[in-house]
> 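Pasting a structure below so you can have a look.
For ligands, and for the atoms within them, numbers begin at 1 and follow the listed sequence. Just so it is clear, the values below take in all heavy atoms, side chains as well, and ignore hydrogens, waters and symmetry mates.
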Amino acid sequence: MKAKIFKHIFMVAMAVFVACFALTMCSLYSYFSAERDSGMKEEATYVAAAVEENGIEFLNHRKTSSTTRITWIDSDGTVLYDSIADPGTMENHKDREEVKAAMSQGIGESSRYSNTLSEKTTNYAIRLDDGTIIRVSGTQYTAVTLIIGMFYAMVAVLLLAILLSVLLASRVSKSVTEPINEIDLEAPDDRDVYPELQPLVRRINGQNRQIQRQMEELKLEHAKQDAIRREFTANVSHELKTPLTSISGYAEIIREGVAKPEDIKRFSGKIFDEAQRLITLVGDIMRLTQLEERALQPQKTKIDLYETCEGVLSHLEHAARKRNIRFALQGTHGVLMGLEQIIDEIVYNLCDNAIKYNKEDGTVTVSVSEDPGWVTLKVADSGIGIPSGELDRIFERFYRVDKSHSKEVGGTGLGLSIVKHGAAYHNAKINVESEVGKGTIISICFPKG
Ligand code: ADP
């Protein structure tokens, strides 16, 4: 950055120096030219007046000047007198621009450049009363000659300009960049900076605060995740240990031969049930982990939600019949894009709960409806209901409203967690309405796309 700033300041300083120098030179040159021109005009007027008075006498006695040349020209153009050359050898001046002008208008003026453009001759001519012309000529160097003549002086000025520009550029670029480089990004307020840097310091401060906030949020999130993971591990261990203890107990009784022959079938049945419970639990844990880690095949397919419900209800028919619960499926064949296995799991868990937490002779009504963007599944039961204070918690892993009866009902406590994660996977919205003793309605709105 410093090199760039240096370069720019150097260029600007050089340009300013050179422009100032050129401007000064031009002004001086035109000032002196104008001074000289007016001097010559004055001299011409004075010589004309003197010749008018004293004739050739004045010219012969006048001291010759090194800078101006005086010529007296007759009204027919013949040169009568010249302060430098012999008038006899000089050609007729009738056609000279300034002479012609003076003859007709009283005064005339002209200027001519030499062949090499190094000199410029200016002539002023004044007509006297007798018709003769007095002409004053002066020669001066042109700007080109001056520049050539001043070559070394100009090189010296240029070198001085370069030197000054380098010094200036290096000082300025240092004073611009040093405070920036010295800003402590973690505590930018520690040093005083020039006012133009204040917005930068404010932004660094703002970003630092934002980073700090994000770090704290991350730490909090991390701690929360850690706590959830620890709780999950403890819950899983507990859930696995209970059936395994039963299995181990019944197996030991049979192995030791202490069980009566008529009890062996009953005990084997218990072992089978507990093993089934373990299989369901492990299956649920695996599905939940998959959903949480989003480790599922991402290929979504078209799913007819009504058909899925039909399939699930036919699976649950036996369980419903056992408690004399009546099913009703109604609505439309709403189609959505989703993962079949997960949608199936969601419908199954909701309908399974509607049976499990129902009353004898109760009803379960499953309906599918749709509007342009959404397909909605609604599972309503006439069951025990959920207290309003528990509604937020039923989607937590291993959370059960009635812990004491959970074993007879046979739930793992993971069903609604799978529903929640499965719905989130499909960007679906869940809504629960429940009244204790009357029943529960859980609806899920799936976006079609
Ligand atoms: P579980 O495997 O124990 O059924 P879930 O995660 O499916 O676990 O449900 C969590 C808890 O929410 C259940 O233990 C039950 O207390 C309550 N619950 C879920 N569905 C219903 C329902 N339809 N009616 C009443 N309570 C319900």
Side-chain angles (χ1 to χ4, degrees), residues 228 231-232 234-236 238-243 273-292 309 312-313 315-316 319-320 322-329 341-367 376-425 428 430-444:
I228 290 175
E231 195 190 321
F232 183 63
N235 277 328
V236 168
H238 178 76
E239 296 291 329
L240 289 175
K241 202 171 168 215
T242 321
D273 287 347
E274 294 295 354
Q276 282 304 317
R277 203 170 134 75
L278 279 178
I279 291 169
T280 316
L281 182 65
V282 171
D284 278 358
I285 293 172
M286 277 164 65
R287 257 183 301 282
L288 198 57
T289 315
Q290 269 183 338
L291 270 171
E292 272 189 330
C309 293
V312 167
L313 292 184
H315 263 98
L316 288 169
K322 273 211 293 200
R323 304 190 63 203
N324 201 24
I325 288 166
R326 274 171 297 124
F327 274 144
L329 174 60
Q341 185 203 343
I342 304 302
I343 300 290
D344 211 70
E345 196 88 25
I346 291 173
V347 179
Y348 185 91
N349 284 335
L350 291 180
C351 294
D352 186 39
N353 282 353
I355 297 169
K356 280 194 300 193
Y357 304 105
N358 217 320
K359 299 171 194 154
E360 294 283 327
D361 309 319
T363 56
V364 173
T365 311
V366 180
S367 54
T376 305
L377 166 75
K378 200 185 257 187
V379 180
D381 64 55
S382 58
I384 57 171
I386 304 160
S388 56
E390 311 270 353
L391 283 178
D392 283 348
R393 305 208 59 191
I394 53 172
F395 292 95
E396 287 176 19
R397 283 175 288 201
F398 296 113
Y399 190 80
R400 290 145 176 140
V401 177
D402 184 357
K403 281 139 204 105
S404 53
H405 290 95
S406 71
K407 195 167 174 202
E408 0 172 321
V409 176
T412 60
L414 294 174
L416 286 184
S417 265
I418 293 174
V419 170
K420 181 177 125 181
H421 283 93
Y425 192 88
I430 304 179
N431 184 52
V432 188
E433 295 162 49
S434 190
E435 203 176 320
V436 175
K438 284 215 164 152
T440 306
I441 305 172
I442 300 186
S443 25
I444 306 190

> Using a 4.0 Å heavy-atom cut-off, say whether Thr440 meets ligand 1 through its side chain, its backbone, both or neither.
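The part of Thr440 near ligand 1 is the side chain, not the backbone.
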> Just go through Val401, Asn358, Ile441, Ile355 and tell me whose heavy atom is the nearest to atom 16 (O) of ligand 1.
Val401
> Counting only heavy atoms closer than 4.0 Å, does ligand 1 sit against the backbone of Lys356, its side chain, both, or neither?
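It is the side chain that touches ligand 1; the backbone stays farther off.
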> Where the closest heavy atom to atom 6 (O) of ligand 1 is concerned, which of Thr412, Leu416, Thr280 has it?
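The residue whose heavy atom sits nearest atom 6 (O) of ligand 1 is Leu416.
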> Apply side-chain contact (heavy atoms from CB on, under 4.5 Å) to the pair Ile442 and Val419, showing each step before the final yes or no.
CA-CA 11 Å; Ile442 300 186; Val419 170; 5.7 Å; no
> If you define the side chain from C-beta out and look only at heavy atoms, does anything of Val282 sit under 4.5 Å from Leu240?
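Yes. Closest side-chain heavy atoms under 4.5 Å.
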> When you compare the side chain of Val401 with that of Ile384, does any pair of heavy atoms fall below 4.5 Å?
no
> At less than 4.0 angstrom from any non-hydrogen atom of Gly413, what atoms of ligand 1 do you find?
1 (P), 2 (O), 3 (O), 6 (O), 8 (O)
> Taking 4.0 Å as the limit for heavy-atom contacts, which would you say applies to Ile394 with ligand 1: side chain only, backbone only, both, or neither?
both
> Give the atom numbers and elements of ligand 1 that come within less than 4.0 Å of a heavy atom of Arg400.
3 (O), 14 (O)
> Check this for me - ligand 1, Ile386, N or O atoms closer than 3.5 angstrom, yes or no?
no
> Can you sort out which atoms of ligand 1 are near Asp381, meaning under 4.0 Å from one of its heavy atoms?
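Near Asp381, the atoms of ligand 1 are 22 (C), 23 (N).
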> Are Ile346 and Ile418 side-chain neighbours, meaning at least one heavy-atom pair lies under 4.5 Å?
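The answer is no; the side chains never approach within 4.5 Å.
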> Does an N or O anywhere in Ser417 fall below 3.5 Å from an N or O of ligand 1?
no
> Determine, for Glu239 against Arg397, whether the closest basic-nitrogen to carboxylate-oxygen distance falls under 4.0 angstrom.
no
> Give the contacting part of Phe395 toward ligand 1: side chain, backbone, both or neither, where contact means a heavy-atom distance below 4.0 Å.
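No part of Phe395 comes within reach of ligand 1.
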> Looking at residues at least two apart in the chain, or sitting in another chain, which of them share a side-chain contact (heavy atoms from CB on, under 4.5 Å) with Ser434?
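Ser434 satisfies side-chain contact (heavy atoms from CB on, under 4.5 Å) with Ile386, Leu391, Thr440 only.
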> Could you tell me if the side chain of Asp381 sits less than 4.5 Å from the side chain of Tyr357, heavy atoms only?
no
> What's the separation between atom CD1 in Ile444 and atom NZ in Lys378, rounded to the nearest 0.5 Å?
13.0 Å
> Would you indicate whether the side-chain heavy atoms of Glu396 and Ile228 approach each other to under 4.5 Å?
no
> I'd like to know whether ligand 1 has Gly383 as a neighbour, heavy-atom separation below 4.0 Å.
no
> Relative to ligand 1, is Asp352 under 4.0 angstrom through side chain, backbone, both or neither, heavy atoms considered?
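Within the 4.0 Å criterion, Asp352 makes no contact with ligand 1.
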